[in-house]
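Not measured: the values here are computed from a predicted model.
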Amino acid sequence: MKINSIFFKKIMALGLVLMAMSSCKKFVEADLANNLIAKEDAFNTDNSATSATLSLYSYYSTLDHLRFSTRLGGLLADELQNTESNADLIQFSQNVVVPTNAVATNNVWGYAYQTIRYCNLILDGIGRSTGMTTPVKNQLSGEAKFFRALMYFNLVNFYGGVPITSEVTELDNAFKPRATVAEVYAQVFSDLKDAQNLLPATYVGSSAALKVRVNKWAAIALLAKVYLYNKEYANAEAEATKVIGSGTYSMATLSNAFINTSSETILQLSTLFGASAFSTYRTTSSAANVAPPTYVLYNNFTKDFELNDNRKTSWVDSTTFNAVKYYRINKYKVQSATAATLGNEYTVLLRLGEQYLIRAEARAQQSNIGGAQDDINVIRTRAGLGNTTAATQSALLTAIAKERKLELFGEYANRWFDLKRTGTADAVLGALKPTWKTTAQLLPIGADQILLNNKLTQNPGYN
């Protein structure tokens, strides 16, 4: 998908799914099929608007962007290696991604903008609607703004400043220049603040107990993370405290942290039969000579676990192939599921453990040593470890960085983003990867995007 592509819109059956598919300019429009309705009719009622918005959660661009952000972010960092001879993936592993890398352009940049486009269409439809009730308008607007904020948050951390658009007219988006990093974050903050004001604290819908739709706490949880990334530590602490103190969530056991009824989950994306989109980090067997999955953990990664850290035994397993031992992410256990054999895992997007780590870091940065220790110890206790011995600001920040690495691995691009925002990417990756250059901290803007939009400029190191 290209930011300046032309789209056509339609609502599909099975939920009136609002699609925003890229195409070139059409001179002839085919009539809608019998099971489709026009975009302008999708927001006439609460029910049709809800169906259109719900499809955002399972929209392939949303899911594929999140899945590839996790995999590619892990390859860029010191977390994942790929086992296949795929030229595009090897570029990520070696941090030598070129502007013509299709995996980056399609899955990181393209799918994010496609989801943003979808969110803009939803917000425009809601804004024009005269048939929706105010509570439903607020709920759906909050959900769309949450996902738009999430996409921009990922984009700015992968690329730096990127074009910002809230437009629904395709040609108005065709030649937008890159916004600054500060401007992109301003958009993220605005969307998340709106979302937390629009959304209820309770979960809505027929599957409310499974926490599969965005609520106020999900928006606040993401806002806490964005404040942390922007070094607004008092605000990060305050927002994380709201979530932790809400009484809605509690730390789950390691074995239950990723099941779809986990008490720790703040937001998860449901799957049809209960098998997570991230279960592909494993293969179906741990027996010898079973080929490993495409993405495996660095062997050195596992050495960072302390001797009695139960996260290593619960969240990591291994397989041996051709006498080589591969360590695999094992947070999600369900490999496959069908209507007859339902699994009990969805895809966790936000969880309480991360909020404790956000607050621990924010407190340490404000020299609240005791408070930071308390928060990091929540994570360590769940892992079966004793209290932290870190007792100074510097030691605590080092300890928190390590806990973030071992707690959040395999979950989106957390490790990659952490290395960059804490200024440790050069030291860590320079020692690990001979091809590392500091300019690799930003991905290149796709060559095809620059060709289509002459207002786009390339990141340093790629010209």
Side-chain angles (χ1 to χ4, degrees), residues 11-18 42-43 45-64 66-67 115 118-119 122 126 132-133 135-147 150 195-196 198-222 243 246-253 255-279 331-334 336-355 411-412:
I11 302 297
M12 300 191 70
L14 299 176
L16 303 177
V17 183
L18 177 61
F43 297 91
T45 68
D46 286 350
N47 286 341
S48 62
T50 298
S51 295
T53 303
L54 285 182
S55 60
L56 178 64
Y57 290 81
S58 57
Y59 193 23
Y60 74 91
S61 68
T62 307
L63 296 177
D64 280 352
L66 294 174
R67 184 161 45 225
T115 299
Y118 192 110
C119 293
I122 291 170
I126 293 169
M132 295 173 62
T133 62
V136 174
K137 278 188 173 185
N138 290 344
Q139 172 73 39
L140 303 185
S141 295
E143 290 174 282
K145 290 194 172 191
F146 171 89
F147 277 103
L150 178 61
Q196 71 167 316
L198 290 166
L199 292 163
T202 56
Y203 291 91
V204 301
S206 58
S207 301
L210 293 175
K211 298 176 282 193
V212 295
R213 289 182 65 182
V214 181
N215 70 346
K216 179 186 293 289
W217 302 122
I220 293 174
L222 184 54
V243 179
S246 68
T248 306
Y249 315 100
S250 61
M251 294 293 285
T253 62
S255 59
N256 288 338
F258 292 91
I259 63 174
N260 57 15
T261 56
S262 172
S263 62
E264 186 175 348
T265 298
I266 299 169
L267 179 64
Q268 60 188 343
L269 304 179
S270 64
T271 59
L272 185 58
F273 298 127
S276 169
F278 288 172
S279 64
K331 288 182 171 179
Y332 295 99
K333 319 295 185 186
V334 178
S336 62
T338 66
T341 58
L342 293 176
N344 66 341
E345 294 175 346
Y346 290 159
T347 300
V348 176
L349 193 57
L350 295 167
R351 60 185 179 92
L352 187 63
E354 184 179 10
Q355 294 300 299
E411 298 179 53
Y412 311 102

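The side-chain hydrogen bond (donor to acceptor under 3.5 Å, both in side chains) check on Ser141 picks up nothing, with sequence neighbours excluded. Looking at residues two or more places apart in sequence or on another chain, you find no ring pair (Phe, Tyr, Trp, His ring centres under 6.0 Å) involving Tyr203. The salt bridge (Lys or Arg N to Asp or Glu O under 4.0 Å) search around Asp64 returns Arg67, not counting sequence neighbours. With sequence neighbours excluded, the residues forming a ring pair (Phe, Tyr, Trp, His ring centres under 6.0 Å) with Phe258 are Trp315, Tyr332, listed by chain and number. Arg351 pairs by the salt bridge (Lys or Arg N to Asp or Glu O under 4.0 Å) definition with Glu264, Glu407, Glu411, not counting sequence neighbours. Scored by the salt bridge (Lys or Arg N to Asp or Glu O under 4.0 Å) test, Lys211 finds no partners at all (sequence neighbours excluded).
No salt bridge links Lys333 with Glu345; every basic N to acidic carboxylate O contact stays at or beyond 4.0 Å.
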* To do: Go through the steps to decide whether Val212 and Tyr57 satisfy the test side chain to side chain contact (heavy atoms under 4.5 Å, CB included), and finish with yes or no.
  => CA-CA 9 Å; Val212 295; Tyr57 290 81; over 6 Å; no
* **Working for side chain to side chain donor-acceptor pair (under 3.5 Å), residues Thr338 and Thr341** => CA-CA 5 Å; Thr338 66; Thr341 58; 2.9 Å; yes
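Although no hydrogens or angles enter the test, the distance criterion places a donor-acceptor pair under 3.5 Å between the side chain of Asp46 and the main chain of Thr133. For the pair Thr62 (side chain) and Thr115 (backbone), a donor-acceptor distance under 3.5 Å is absent. Looking at Asn215, its side chain does come within 3.5 Å of a backbone N or O of Ala201 through a donor-acceptor pair. With hydrogens and angles disregarded, a donor-acceptor distance shorter than 3.5 Å links the side chain of Ser276 to the backbone of Tyr346. Between the side chain of Ser55 and the backbone N or O of Ala52 there is at least one donor-acceptor pair closer than 3.5 Å. In terms of modelled atom types and a separation under 3.5 Å, the side chain of Lys216 and the main chain of Gln196 share a donor-acceptor contact.
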